[in-house]
Amino acid sequence: MGGYAGLTSRGQLTIPKKVRDALSLKAGDTVAWTVMDGYLIGTPRNPRFSDLAGFLGNPPGGPATLEEVDAAVGDAVGRHVAGDRDGSGRA
């Protein structure tokens, strides 16, 4: 599915109704824009938590405890702040 949108003088695009409906977009939703190989790619950023259930499949080590999740999030935030994006220890 696709469509066309005109760019206004204020730099705004109107996403065609068929596309908005297909993606369940509504007023106030956010779309992340990326340019890849000369193409503009818009990704809706409006998932509901329930939409994400099972998205990654079963965890390889079984379900994690809340403490394990908190520790993993804390570790990831620390790496992000330190500029270590891939966990290699290098900034």
Side-chain angles (χ1 to χ4, degrees):
M1 170 179 303
Y4 292 92
L7 185 66
T8 70
S9 61
R10 294 181 54 199
Q12 298 173 334
L13 292 172
T14 299
I15 300 171
K17 182 166 178 19
K18 287 181 185 179
V19 175
R20 291 192 318 264
D21 289 347
L23 297 173
S24 300
L25 289 172
K26 60 188 180 316
D29 285 344
T30 300
V31 176
W33 298 100
T34 306
V35 176
M36 185 178 295
D37 297 327
Y39 290 94
L40 177 64
I41 301 169
T43 305
R45 305 302 294 174
N46 62 341
R48 294 179 303 273
F49 187 74
S50 61
D51 293 339
L52 302 176
F55 176 70
L56 299 176
N58 293 325
T65 66
L66 186 55
E67 291 78 16
E68 291 169 325
V69 171
D70 284 343
V73 169
D75 184 51
V77 169
R79 284 194 319 270
H80 175 77
V81 170
D84 180 15
R85 303 279 189 246
D86 61 4
S88 67
R90 296 174 304 212

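All figures in this text were calculated on a predicted structure; none of them were measured in a lab.
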Is any side-chain heavy atom of Thr65 less than 4.5 Å from a side-chain heavy atom of Val69?
no
Check residues 29-44 and write down every donor-acceptor pair under 3.5 Å in which the side-chain atom is one partner and the other belongs to a residue at least two apart or another chain.
unit_1, atom_1, unit_2, atom_2, d
Asp29, OD1, Lys26, NZ, 3.2
Asp29, OD2, Lys26, N, 2.8
Asp29, OD2, Asn46, ND2, 2.9

Residues which pass side chain to side chain donor-acceptor pair (under 3.5 Å) with Asp70, listed by chain and number, not counting sequence neighbours
none
Would you indicate whether the side-chain heavy atoms of Arg20 and Thr14 approach each other to under 4.5 Å?
yes
